[in-house]
There are 2 protein chains.
Amino acid sequence: MILGRIILGLLAIAPMTGYDLKRHFDSTVGHFWAADKAQIYRTLARLVDEGYAEVETVAGSGAPDRQEHRITAAGRVALAAWLASEPERHVERDPFLARVFFGADLDDDGLRSLFARRRAAVQDQLARLEQMRAETTALDRGARLRLATLDNGIAHLRTELGWLDAVEEEVA
Amino acid sequence: MILGRIILGLLAIAPMTGYDLKRHFDSTVGHFWAADKAQIYRTLARLVDEGYAEVETVAGSGAPDRQEHRITAAGRVALAAWLASEPERHVERDPFLARVFFGADLDDDGLRSLFARRRAAVQDQLARLEQMRAETTALDRGARLRLATLDNGIAHLRTELGWLDAVEEEVA
DNA sequence: ATCCGCATGTAAGTGGTTACATGATTCG
DNA sequence: CGAATCATGTAACCACTTACATGCGGAT
């Protein structure tokens, strides 16, 4: 449902293939919504069924034909309706914090390595988002809002690093 | 899988019924792992199947009999193995940020109300976590680590409020 | 030659949500 | 008298992941 609406939102920017969409989910929108390609192809098919998107087969210069999906008028209506609807509540599911919660059952080395891996993963992701930010120049309202979601990710990653500093010091 | 391990971790603290577990998922561990009761009962049954937990029926003083689940020796081994295993990576899925990303398709009032609702939800959750924190006195390693997960939640909620301040000002 | 990027999808399985269904006790 | 809490679960559905399967063209 939400995935379908995000795909509609992306198709409203430009017509795309499932493959194109996958690249967006791995870069631009990936820091707040992850999606698998199997899921993208399935959802795309459903959007066509519902009349929210149409397909145009473009002969591929080399490789398979591109199945270009474009949003329909009905799709734009559905997208607008979703944006104006009651927001879904966000359910947290963080396996790292689950491990920390039961961390007393782990020896000192195990605990240290748990925190170290997390720190590495967070730094990695932070570097990627900061690079994306550096490559962006915000102009209109839409671009500023998209940039704001990036800043949200960056702010939370920095908070996570600060928290790790405090916890690692306390545990040591 | 992760849910099963979290349940084992909770059963390692004390034997519990599905109902008891549900209460924990709505309070202590809820800020990093949400779980539905249908899912809890199903997972509990699977843990018994796998030999990681055993059931004892306790006659209920009023109301239905309690199905008390307790962790077995094999269950403790499985829990320890999970804690020492390669950490899963956390996949983000935040519907609020998805709405912000496409927020340009929304009018000013819609956007304002989107941020206002988010702020209210975050403040609400922050108040609950801060109260939980005030009620806790950390002593041993286990308690300190459990408290650290709470502090993680609190830190991120405060970051979210700060981000909201900045974005709302920019949009206004 | 071999690997990477482009591009498509299916099948099977796991994980998570919503709705249905029941019934006693306790508190206001 | 009615609502909330305790306590159990099932059935159906929806969302997501992993593994399988294919094949061209261009770069190293």
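Here is the naming used below: chain letters follow the sequence lines, and residue numbers restart at 1 for every chain. What you see is a predicted model, and the numbers here were worked out from it, not measured in a lab.
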**Asked** If each of A/R46 and B/G18 is mapped to the nucleotide of DNA chain D with the nearest heavy atom, which maps nearer the 5' terminus, i.e. the 5' end?
**Response** B/G18

**Request:** Give one of base, sugar-phosphate or nothing for B/A38, where a contact means two heavy atoms less than 4.0 Å apart.
**Result:** base

**Axis bend over the full length of the helix from C/dA1-D/dT28 to C/dG28-D/dC1, computed from five pairs that close each end, to 10 degrees** = 40°

**Message:** I'd like to know whether A/I6 forms a side chain to side chain contact (heavy atoms under 4.5 Å, CB included) with B/F101, so could you lay out the CA-CA distance, the side-chain angles of the two residues, the decisive distance to 0.1 Å, and finally the verdict.
**Reply:** CA-CA 9 Å; A/I6 295 174; B/F101 194 85; over 6 Å; no

**Request:** Please determine, for the side chain of A/R23, which listed nucleotide (D/dC6, C/dG16, C/dA7) has the closest atom?
**Result:** C/dA7

**Asked** A/E68 CD to C/dC6 C1': how many Å, rounded?
**Response** 13 Å

**Item:** Minimum-distance nucleotide (side-chain atoms of B/R66 versus D/dT8, C/dT17, D/dA7)
**Value:** D/dA7

**Asked** Once you round it to whole Å, what is the distance between P of C/dG15 and NE2 of B/H90?
**Response** 17 Å

**D/dA15 phosphate, OP1 or OP2, under 4.0 Å from A/Q39 side-chain N/O** = no

**Message:** Under 6.0 Å from the ring centre and within 45 degrees of the ring axis: does the NZ or CZ of B/R99 meet both conditions for the six-membered ring of A/W82?
**Reply:** yes

**Request:** Let me know the distance between CD of B/E50 and C1' of C/dT14, rounded to the nearest Å.
**Result:** 13 Å

**Request:** Would you kindly give the CD1-to-C1' distance between B/I7 and C/dG16, to the nearest whole Å?
**Result:** 13 Å

**Asked** Whole-Å distance between D/dC14 P and A/E88 CD?
**Response** 17 Å

**Message:** When you compare the side chains of B/T149 and B/N152, does any donor N or O come within less than 3.5 Å of an acceptor on the partner?
**Reply:** no

**Prompt:** Is the shortest side-chain N to carboxylate O distance from A/R141 to B/D108 below 4.0 Å?
**Reply:** yes

**Prompt:** Does B/R42 make a side-chain donor-acceptor contact with the base of C/dG16, cut-off 3.5 Å?
**Reply:** yes

**Prompt:** Tell me: OH of B/Y19 to P of C/dG23, nearest whole Å?
**Reply:** 18 Å

**Complete:** Per atom distances to the B/K37 side chain, the nearest of C/dT17, D/dA7, C/dA21 is C/dA21

**Item:** Any A/R93 side-chain nitrogen or oxygen under 4.0 Å from OP1 or OP2 of D/dC16
**Value:** no

**Item:** Candidates C/dA7, D/dT17, C/dT18 - which lies nearest the side chain of A/T17
**Value:** C/dA7

**Asked** Could you state the CG-P distance from B/D36 to D/dA15, rounded to the nearest angstrom?
**Response** 15 Å

**Request:** Counting heavy atoms from C-beta on, name the nucleotide in C/dG15, C/dG9, D/dT8 closest to the side chain of A/Q67.
**Result:** C/dG9

**Message:** Return whichever of B/Y41 or A/M1 has its heavy-atom-nearest nucleotide of DNA chain D closer to the 5' end.
**Reply:** B/Y41

**Message:** Measure CD1/A/I2 against C1'/D/dC14 and give the value in whole Å, please.
**Reply:** 13 Å

**Message:** Between B/R117 and A/E86, does any side-chain N to carboxylate O distance fall below 4.0 Å?
**Reply:** yes

**Item:** A/K22/A/D26 salt bridge by N-O under 4.0 Å criterion
**Value:** yes

**Message:** Between B/D105 and A/R76, does any NZ, NE, NH1 or NH2 come within less than 4.0 Å of an OD or OE carboxylate oxygen?
**Reply:** no

**Asked** Would A/E50 and A/L47 satisfy side chain to side chain contact (heavy atoms under 4.5 Å, CB included), going step by step from the backbone distance to the final call?
**Response** CA-CA 5 Å; A/E50 292 170 331; A/L47 291 173; 3.9 Å; yes

